[in-house]
Amino acid sequence: MERVLLSGLMKMELPGRDIRLCDGGFVVWNGETYQAADEEFGVLTGFDALSEGVGDEAPAGVLTMVPPSTAAAVVLSQPGYQGSRVRLWVAEIDEMTGYVVGEPDLMCDWQIDSTRLRIGRGTRALEIGTVTRGQRLMLIDDGNTLSPSWHRLVHPGEAGLDNATGLTSDVAWGTASPPRGQVASNG
């Protein structure tokens, strides 16, 4: 009789390196090794169940990691890691061979949203707030206008729009400009 074990797999795709963790021992899947602990960033101790979003809220979850140092927690909390992809799978492992059976089931495909370091007496935990990758579709970019103040916010020190006043023609912002003048066709 064939027996299978279940294993949780987590892959966090940070700029420059991936963190691949599993819930005990190690698992080799898809040419990558998932281990119980990451030397630099510690272990994954749990995750809150995915909460469903309502209205303009996206589904979200929280991963909890125990980093080996506060410095490691600071590195994981840097702004450049926000938006990094995080995926969780449940894999079936053949007990006799230790190999993954079939294809693991993808449970979550998230991105890092925020972090919170919780320090207690003798404990350190980094809560990593995540949201679905589709949340970017809900972002509202109010205030992104073709104005000198916005241009300087995006390009500090650049004053190219300071003297551009009284413009009467619309300028497409963030897309290819529409054709100006007449467009002739050979028809």
* **Stepwise side chain to side chain contact (heavy atoms under 4.5 Å, CB included) check, M107 with M10** => CA-CA 10 Å; M107 305 306 290; M10 191 257 333; over 6 Å; no

* Parallel, tilted or perpendicular: rings of Y34 and W29 (30°, 60°) ->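 W29 vs Y34 ring planes: tilted.
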
* Asked: Are any of the side-chain heavy atoms of R116 and I128 separated by less than 4.5 Å?
  ->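 Result no, sub-4.5 Å side-chain heavy-atom pair not found.
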
* To do: Flag the pair L88 / L9 as yes when at least one side-chain heavy-atom distance between them is below 4.5 Å, and no otherwise.
  =>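 Contact flag for L88/L9 side chains = no.
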
Strictly distance-based, threshold 3.5 Å: is any side-chain N or O of [X] a donor or acceptor partner for the main-chain N or O of [Y]?
| X | Y | answer |
| --- | --- | --- |
| T123 | I119 | no |
| T130 | W110 | no |
| Q78 | V75 | yes |

Quick one: list whatever passes side chain to side chain contact (heavy atoms under 4.5 Å, CB included) with [X], sequence neighbours left out.
| X | value |
| --- | --- |
| P15 | Y81, S84 |
| S69 | A71, A72 |
| A125 | T64 |

* Can E103 and W89 be said to form a side chain to side chain contact (heavy atoms under 4.5 Å, CB included), step by step? -> CA-CA 9 Å; E103 189 73 17; W89 294 270; 5.9 Å; no

* Looking at residues at least two apart in the chain, or sitting in another chain, which of them share a side-chain hydrogen bond (donor to acceptor under 3.5 Å, both in side chains) with T70? ->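 Partners of T70 under the side-chain hydrogen bond (donor to acceptor under 3.5 Å, both in side chains) test: R124.
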
* Asked: Linking Ile, Leu, Val, Met, Phe, Trp and Tyr through side-chain heavy atoms less than 4.5 Å apart, which residues share a cluster with V66?
  ->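 Grouped by the 4.5 Å side-chain rule, V43 form the rest of the cluster around V66.
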
* Asked: Is L14 reachable from L117 through a run of I, L, V, M, F, W or Y residues, each pair having side-chain heavy atoms under 4.5 Å apart?
  ->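 L117 clusters together with L14.
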
* Residue pairs involving residues 68-96 (criterion salt bridge (charged side-chain N to carboxylate O under 4.0 Å, His left out); sequence neighbours excluded) ->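 Listed once each, the pairs are R3-E95, E13-R87, R85-D109.
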
* To do: Sequence neighbours left out, what pairs pass ring-ring contact (aromatic ring centres under 6.0 Å, His included) with at least one residue falling in residues 112-133?
  =>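 Listed once each, the pairs would be none.
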
* Which atom of A73 lies closest to which atom of L126, heavy atoms considered ->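 Nearest heavy atoms, A73 then L126: O-CD2, 4.0 Å.
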
* **Closest heavy-atom pair and its distance - P68, E39** =>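 The answer is CG-O, 4.1 Å.
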
* To do: Test T115 against Q82 for side chain to side chain contact (heavy atoms under 4.5 Å, CB included), laying out the working first.
  => CA-CA 9 Å; T115 60; Q82 186 178 30; over 6 Å; no

* **Test log, rule side chain to side chain contact (heavy atoms under 4.5 Å, CB included), inputs V100 and I93** => CA-CA 5 Å; V100 173; I93 311 294; 3.7 Å; yes

Give the table of side-chain donor-acceptor pairs shorter than 3.5 Å for residues 16-28, with sequence neighbours excluded, one pair per line with atom names and distance.
from, atom 1, to, atom 2, distance (Å)
R17, NH2, D38, OD1, 3.0
R20, NE, T33, O, 3.4
D23, OD1, S7, OG, 3.1
D23, OD1, G8, N, 3.3
D23, OD2, G8, N, 3.3

* Just jot down the salt bridge (charged side-chain N to carboxylate O under 4.0 Å, His left out) partners of E127, sequence neighbours excluded, or say none. =>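 E127 satisfies salt bridge (charged side-chain N to carboxylate O under 4.0 Å, His left out) with R118 once adjacent residues are dropped.
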
